[in-house]
Enquirer: 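This is the structure I want to talk about, given as structure tokens.
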Amino acid sequence: MKTIAFISGLKGGTGKTTLAVNTAVVLAYSLRKRARFPVVLIDMTPGIGTAAMLFMGVYNAPGVTSLSEYFDGKFADPLQSFYLRRWQLQQDEFNVVFSFFNKPVPLSARLLGALLRQIEARLNPLALILDSPPTGYDSALSGLLDFVVPVVTPDMSSITTAAGVVKVLGGKALRPVLNMYVEGHDVAPIYGQNWPAIVREHFGEEPHVIPADPLFEIARQALEIESLKLRPEESPGLASMLAYMRYLMAQLSI
Amino acid sequence: MRQYIGLLLTAVAVLMLVALRDLPFVALGVSIYVAGAVMILTAQRRPAQRVEEPRRESRRPTPDELKKRPIQPPEI
């Protein structure tokens, strides 16, 4: 099982959930014949997060058990808070197993590590995707990750906080994603260089640029997953995101 | 087009003024000449307009339309 976290440091709203959810769906489809449950996703945002909303297809889920109750000691088996989302395509089907936190709970690397070991032993997925909440230097994820995907927006605070946190999380830092980029917005007169160069300077690697795409906003308003409803030829954001996933799959080598 | 009609009117007016000397015809010829001249001058004052290619912008789906779309295989 390869553990991948999408992180943005302390900055929210950078699009890491969009990337995490679409990565989970694309990987699950690609690996559907390789494992019964190829991908598990945990939405670590306290309170029902967007990833859980997208998988459930509803914007609230009162009374649904989550990992918060498990870590609160309300039940002993963490799998009671995992759910299966299955998609049917003509003569084919694929699924993603997911869970979430419906309220904040104290977490440590030891508790999370024990959960990840249970997931690996009982579901045996090929990939575990963590949609990280805004994360500081004392993250419980430290030391548990195989891969880290930093997701930043064209904003100096987003870039600096993500670049700082990536260094302490452990795992292999993959190409940073510069999300929601508008090419025409020239900031070189202000910062001396444009956003891709600023990201490269902070992360030491050329970023993968995903352009701002109004169709992503429409998909989010519809509570739909972009890679299942949009076509790459109509959505430059999706086309670029799929290109990043090809790179990600090559890195995971699964 | 307006300036061509104006030109035609002024030409007719000149012919009338050359051929006919009675006061009503002279008055009519002068009127036609003035009308033709006004048409020529106002047509010339219009600024040239750039013909722009119509923008081919595909309409974005609404959230509801997107919701109703069938799912497609998420291939990379």
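In what follows, every heavy atom counts, from backbone to side chain, and hydrogens, waters and symmetry copies are set aside. Chain letters run A, B, ... following the sequence lines, proteins first, then strands; residues in each count from 1. The shown structure was predicted, so the numbers you read here are calculated from the model rather than taken from an experiment.
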Enquirer: Could you tell me whether A/F37 atom CZ has more than 12 heavy atoms of other residues or ligands within 6.0 Å of it?
Expert: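 Enclosed: over 12 neighbouring heavy atoms sit under 6.0 Å from CZ of A/F37.
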Enquirer: Could you tell me which of A/L89, A/L242, A/V25 has the largest number of non-hydrogen atom pairs under 4.5 Å with chain B?
Expert: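 Going by pairs under 4.5 Å, I would pick A/L89.
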Enquirer: In terms of side-chain geometry, is the basic nitrogen of B/R69 or A/E234 positioned less than 4.0 Å from the acidic oxygen of its partner?
Expert: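 Judged by the 4.0 Å cut-off on N to carboxylate O distance, B/R69 and A/E234 do form a salt bridge.
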Enquirer: I'd like to know if the side chain of A/K229 and the backbone of B/K67 have a donor-acceptor N/O pair within less than 3.5 Å.
Expert: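 Yes, the answer is positive, given that a donor and an acceptor are paired below the 3.5 Å cut-off.
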Enquirer: In residues 213-222 of chain A, which residues are in contact with chain B at a heavy-atom separation under 4.5 Å?
Expert: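 Within residues 213-222 of chain A, the residues that come under 4.5 Å of chain B (heavy atoms only) are A/P214, A/L215, A/I218, A/A219, A/Q221, A/A222.
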Enquirer: Take atom CD of B/E65 as the centre, draw a 6.0 Å sphere, and report whether it contains more than 12 heavy atoms from other residues, nucleotides or ligands.
Expert: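 Enclosed.
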Enquirer: Does a sphere of radius 6.0 Å around OH in B/Y4 hold more than 12 heavy atoms from other residues, nucleotides or ligands, not counting ones at 6.0 Å or beyond?
Expert: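 Check fails, neighbour count at 12 or below.
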Enquirer: Nearest 0.5 angstrom please: A/L27 CG to B/I76 CD1, how far?
Expert: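 A/L27 atom CG to B/I76 atom CD1 measures 7.0 Å (nearest 0.5 Å).
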Enquirer: Are the side chains of A/W87 and B/P74 in contact, using a 4.5 Å heavy-atom criterion?
Expert: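 No, side chains not in contact.
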Enquirer: Tell me, out of A/E224, A/M249, A/Q88, who's got the most heavy-atom pairs with chain B below 4.5 Å.
Expert: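 The residue among A/E224, A/M249, A/Q88 with the greatest pair count is A/E224.
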Enquirer: What part of B/E75 gets closer than 4.5 Å to chain A, counting heavy atoms only: side chain, backbone, both or neither?
Expert: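 Answer is both: backbone and side chain atoms of B/E75 are under 4.5 Å from chain A.
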Enquirer: Does any heavy atom of chain A fall under 4.5 Å from the side chain of B/P61, the backbone, both, or neither of them?
Expert: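 Both backbone and side chain.
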Enquirer: So which part of A/L230 gets closer than 4.5 Å to some heavy atom of chain B, the side chain, the backbone, both or neither?
Expert: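 A/L230 touches chain B through backbone and side-chain heavy atoms alike.
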